[in-house]
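A short worksheet on the structure shown next.
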Amino acid sequence: MESLQKVIEEHSFFKTLDEKYIEVLTGCATNETFKEGEFIFREGENADKFYLIREGQVALEIASPSQRPISIQTISNGDVLGFSWLFPPYRWCFDALAKSKVRAISMDGKCLRKKCEEDHALGYELQKRFGEIMAQRLQATRIQLMDLYKMPARG
Amino acid sequence: MQELKTKIENPMLPKTFQIHKVIKETYDTYTIELSGQDCKSNFIFKPGQFNMIYVFGIGEVPISISSSSENTSHIAHTTRSIGAVTNAINALRAGDTVGIRGPFGSNWPLEKAIGKDVIIVAGGIGLAPLRPAIYHLLSNREKYRKVTILYGTRTPLDILYTNELEKWKSMDVYITVDRTDDKWRGNIGVVTTLIPQAAFDPKNTLAMICGPEIMMRFTIQALQSKGISDTDIYISMERNMKCAIGFCGHCQFGPAFICKDGPVFCFEQIKGLFSKREI
């Protein structure tokens, strides 16, 4: 079985991160699995973790009264799930539903926030990486909102 | 950049083709299969080229050829209903006839892709112009390394060629939709979000992209950030093509004409024009 440290080190999100920080991160990490149909977190709950998805697919959903939940995006192996642990009030904004069996490494957000306060260089590294992912997802969401494939054309 | 231009006797004179099969792909998109009425000559074209389809009494539109270039006895066109002529095309039935001029334009660089990983990125109806290239890759699979198809559509109901996608197993096919209900088991998000799932060697990969221009812009950025060179990125452009032979100027794109110099361009060749909003 692969060690947690090795898995974290090899995950694309932490690529090129200094080894000493990998050790720090490993101290806040736990292996987790979720069955198909299981909620990893639900809107409004305390956001005290984030997840490195190793296998499977997670749907971000939002519940709406009198209709079925609306799926907004899927997160797959190699992706990172969860930003809300980084910003007050530390509550999830969406439901995260395992669409298949999901293997993930969860990172304890409280533990990491404390370590980032103690070592701002680590905090900056994490903020940079999350910032990049957030920018990519914001851009993707904007394109999604454009409804490009419906745009009128001539002919 | 054009690898081949097919000689046409009189490019302005349509030939009569008869429809022998109509396939309903989605609620607004149909594929028509047709062959020349005289049946004296085979229809030779290269993947990526297009024809001008003339619906008698209605008008003429440029539509990419969506069938295999290895099958010269008939051709197929996949058309989404978006206007008067395309509505008329999709109302045609087996036995009806249309006028065809073509084939026109440049083709996908399938020779250049030999020995490389190939990544195909299609958005919406953009899968149709890429389908002949996919057929070529399938029938010459041993010449290419890893082939990945990334396909994004609006909803699961907009997915084209659903029966065929399952058969393209010698390639990695990833599909994503922009919006869906809870019955969909696949990916949700724009097509660029599939790129991290694709395994390819960026130094030895050729990318072919077709879809709405905004989608192509973001896809190019995402592929560039993965290390694919501009000389290995090819896109199929669309403009208001009329004559199809570079005379009328309707599809002028800077110094180039989409009908004659395109529709397939190497990104390196047109990147200076691609970001110019006046063009």
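Convention: sequence-line order gives letters A, B, ...; per-chain numbering from 1.
Each of A/A59, A/S71, A/S12, A/S100 has some count of heavy-atom pairs under 4.5 Å with chain B, and the biggest count is that of A/S71. Interface check for chain A: of the options B/A222, B/G124, B/S81, the most heavy-atom pairs under 4.5 Å are formed by B/G124. Of the listed residues (B/G189, B/G123, B/P196), the one with the most heavy-atom contacts under 4.5 Å to chain A is B/G123.
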(request) Report the C-alpha separation of A/D147 and B/R179 in whole Å, then their side-chain angles, then the decisive distance to 0.1 Å, and conclude whether the side chain to side chain contact (heavy atoms under 4.5 Å, CB included) test is met. (result) CA-CA 9 Å; A/D147 206 2; B/R179 58 205 68 204; 3.9 Å; yes
Self-check item: A/Y149 and B/V177: CA distance, side-chain angles, deciding distance, side chain to side chain contact (heavy atoms under 4.5 Å, CB included) verdict
Solution: CA-CA 10 Å; A/Y149 306 124; B/V177 297; over 6 Å; no
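Using a 4.5 Å cut-off between heavy atoms, A/I75 does not touch chain B at all. There is no contact between A/Q67 and chain B, counting heavy-atom distances below 4.5 Å. For A/Q139, the part sitting under 4.5 Å from any heavy atom of chain B is the side chain, from C-beta outward, and nothing else.
Tested against B/V190 for a side chain to side chain contact (heavy atoms under 4.5 Å, CB included), the candidates A/L148, A/T141, A/L145, A/I143 yield a single pass: A/I143. For the side chain to side chain contact (heavy atoms under 4.5 Å, CB included) with A/S76, the lone residue among B/T193, B/L194, B/N187 that qualifies is B/N187.
Within a 6.0 Å sphere centred on NZ of A/K115, heavy atoms belonging to other residues, nucleotides or ligands number more than 12. The environment of A/F39 atom CZ is dense: over 12 non-hydrogen atoms of other residues, nucleotides or ligands sit within 6.0 angstrom. Heavy atoms from other residues, nucleotides or ligands lying under 6.0 Å from NZ of A/K128 number more than 12.
A/Q144 places a side-chain N or O within 3.5 Å of a backbone atom of B/D178 that can act as its donor or acceptor partner. Judged purely by atom type and a 3.5 angstrom limit, B/R185 uses its side chain to pair as donor or acceptor with the backbone of A/K99.
Partners of B/E164 according to the side chain to side chain donor-acceptor pair (under 3.5 Å) rule, which considers only residues two or more places apart in sequence or in another chain, are B/R131, B/Y135.
Between atom CZ of residue A/R142 and atom CZ of residue B/F218 there is a gap of 9.0 Å, rounded to the nearest 0.5 Å.
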